[in-house]
A.B. asks: 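Sharing a structure here in C-alpha cells format.
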Amino acid sequence: MMNEAQVAVRIEKAVTRVTKTVFPGRTNHHNTLFGGEALAWMDEAAFIAATRFCRKPLVTVCSDRVDFKESIPAGSIIELVARIEHVGRTSIRVNVDIFVEDMYSDDQHRAISGSFTFVALGPDRKPTPVLS
C-alpha cells in the first residue's frame, strides 16, 4: 500500500495538459465550440490523468457539474488541464478546466470546468482498488 507522500507524488505526475485549436468543423450554428465536443475532450483528458495516476483499466462512471461559463469561438486555442481531485478505494475523481485564448493575444482564462469520476476495473471487469 502507498503512503500519503507516494500518493501526492502520483497525483502531481498525473496532471495532464492537452492543447487544441477550435476549428470550424467542431463548432455549432453559433460558430462556437459544440458543447458535446468539449465534454468528449474533457472526458479524454480526465481519463488520461486518472490512468497516469493508477495505471489500471478505468471506465467513466460520472460526469458531474460541468459549468460552461463562456462560449469558445472558432479560431481559439484551448488548453485542457486535468488534475486528480479525490482518490477513493476503487474510484478517482478528476477535475478538468478548459482555458481559452485568442490566437493573437496573450490573455488566457478559464471558460469551462467539470468533474469526472472513474472506477478501476480488475481482470473480472469488476471494481478493484486503485491503489495496490
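What you see is a predicted model; the values in this text were computed from it and never measured. Side chains included, hydrogens not; waters and symmetry mates left out as well; all remaining heavy atoms used.
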A.B. asks: Once rounded to the nearest 0.5 Å, what's the spacing between atom CE of M103 and atom OG of S76?
C.D. replies: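 So the CE of M103 and the OG of S76 are separated by 7.5 Å.
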A.B. asks: So how far is it from E37 CD to T27 OG1, rounded to the nearest 0.5 Å?
C.D. replies: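 Taking CD in E37 and OG1 in T27, the distance rounds to 10.0 Å.
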A.B. asks: Indicate, with yes or no, if I72 and I77 share a hydrophobic cluster defined by side-chain heavy-atom contacts under 4.5 Å among Ile, Leu, Val, Met, Phe, Trp and Tyr.
C.D. replies: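 Cluster IDs for I77 and I72 differ.
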A.B. asks: Let me check something: do V18 and I92 share a hydrophobic cluster, defined by ILVMFWY side-chain heavy atoms less than 4.5 Å apart, either directly or through other members?
C.D. replies: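 Hydrophobic grouping puts V18 with I92.
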A.B. asks: Let me confirm one number: the OG-CZ distance from S91 to F118, rounded to the nearest 0.5 Å.
C.D. replies: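 CZ of F118 is found 11.0 Å from OG of S91.
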A.B. asks: For the side chain of T16 and the backbone of A14, is there at least one donor-acceptor N/O pair under 3.5 Å apart?
C.D. replies: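 Pair found, side chain donor or acceptor close to backbone of A14.
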A.B. asks: Can you get from V96 to V100 by hopping between Ile, Leu, Val, Met, Phe, Trp and Tyr side chains that sit under 4.5 Å apart?
C.D. replies: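 Same cluster: V96 reaches V100 through Ile, Leu, Val, Met, Phe, Trp or Tyr contacts under 4.5 Å.
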A.B. asks: Is F34 atom CZ crowded by more than 12 heavy atoms from other residues, nucleotides or ligands, each under 6.0 Å away?
C.D. replies: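 Not more than 12 within 6.0 Å, no.
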A.B. asks: Flag yes if W41 and V94 sit in one hydrophobic cluster, no otherwise; membership is Ile, Leu, Val, Met, Phe, Trp, Tyr, and two members link when side-chain heavy atoms are under 4.5 Å apart.
C.D. replies: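 Per the 4.5 Å side-chain linkage, W41 and V94 are co-clustered.
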A.B. asks: With sequence neighbours left out, write down each residue that passes side chain to side chain donor-acceptor pair (under 3.5 Å) with H109, or none if nothing qualifies.
C.D. replies: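 Residues passing side chain to side chain donor-acceptor pair (under 3.5 Å) with H109: E70, D107.
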A.B. asks: Provide the closest heavy-atom pair for T128 versus L121 in the form atom of the first, atom of the second, distance.
C.D. replies: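 Taking every non-hydrogen atom into account, CG2-C, 3.5 Å.
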A.B. asks: For atom NZ of K13, decide whether the heavy atoms of other residues, nucleotides or ligands shown that lie under 6.0 angstrom number more than 12.
C.D. replies: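 Not more than 12 within 6.0 Å, no.
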A.B. asks: What is the minimum heavy-atom distance between G88 and V130, and which atoms define it?
C.D. replies: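 Closest approach of G88 to V130: O-CG2, 3.4 Å.
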A.B. asks: Indicate the atoms forming the closest heavy-atom contact of V66 with F68, along with that distance.
C.D. replies: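 V66 and F68 have their closest heavy atoms at CG1-CE1, 3.5 Å.
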A.B. asks: Report yes or no: does T51 contribute a side-chain atom to a donor-acceptor pair with the main-chain N or O of F47 at less than 3.5 Å?
C.D. replies: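 Judged by distance alone, yes, a pair lies under 3.5 Å.
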A.B. asks: Please check if V119 and L131 belong to a single hydrophobic cluster, counting links between Ile, Leu, Val, Met, Phe, Trp and Tyr side chain heavy atoms closer than 4.5 Å.
C.D. replies: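 Different clusters: V119 never reaches L131 through Ile, Leu, Val, Met, Phe, Trp or Tyr contacts under 4.5 Å.
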A.B. asks: Under 3.5 Å, side chain of R10 to main-chain N/O of F53, donor-acceptor pair present?
C.D. replies: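 Answer holds: yes.
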A.B. asks: I'd like to know whether T60 forms a side chain to side chain donor-acceptor pair (under 3.5 Å) with D43, so could you lay out the CA-CA distance, the side-chain angles of the two residues, the decisive distance to 0.1 Å, and finally the verdict.
C.D. replies: CA-CA 8 Å; T60 306; D43 186 35; 2.9 Å; yes
A.B. asks: Side chain of E12, backbone of V9: donor and acceptor closer than 3.5 Å?
C.D. replies: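 Checking the backbone N and O of V9 against the side chain of E12, no donor-acceptor pair under 3.5 Å is found.
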A.B. asks: Show every donor-acceptor pair shorter than 3.5 Å between a side-chain atom in residues 78-87 and any protein atom, with sequence neighbours excluded, or say none if there are none.
C.D. replies:
from : atom 1 : to   : atom 2 : distance (Å)
E79  : OE1    : Q108 : NE2    : 3.2
E79  : OE2    : R17  : NH1    : 3.3
E85  : OE2    : R93  : NE     : 3.0

A.B. asks: Give a yes or no answer on whether the side chain of R52 reaches the backbone of V15 with a donor-acceptor pair at less than 3.5 Å.
C.D. replies: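 Yes, R52 side chain to V15 backbone: donor-acceptor pair under 3.5 Å.
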A.B. asks: What distance do L33 atom CG and H30 atom NE2 have between them, rounded to the nearest 0.5 Å?
C.D. replies: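 Answer rounded to 0.5 Å: 13.0 Å.
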A.B. asks: Hey, is the main chain of K126 close enough, under 3.5 Å, to the side chain of D124 for a donor-acceptor pair?
C.D. replies: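 Yes; judged by distance alone, with no hydrogens or angles, the pair exists.
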A.B. asks: What distance do S113 atom OG and I98 atom CD1 have between them, rounded to the nearest 0.5 Å?
C.D. replies: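 Answer rounded to 0.5 Å: 9.0 Å.
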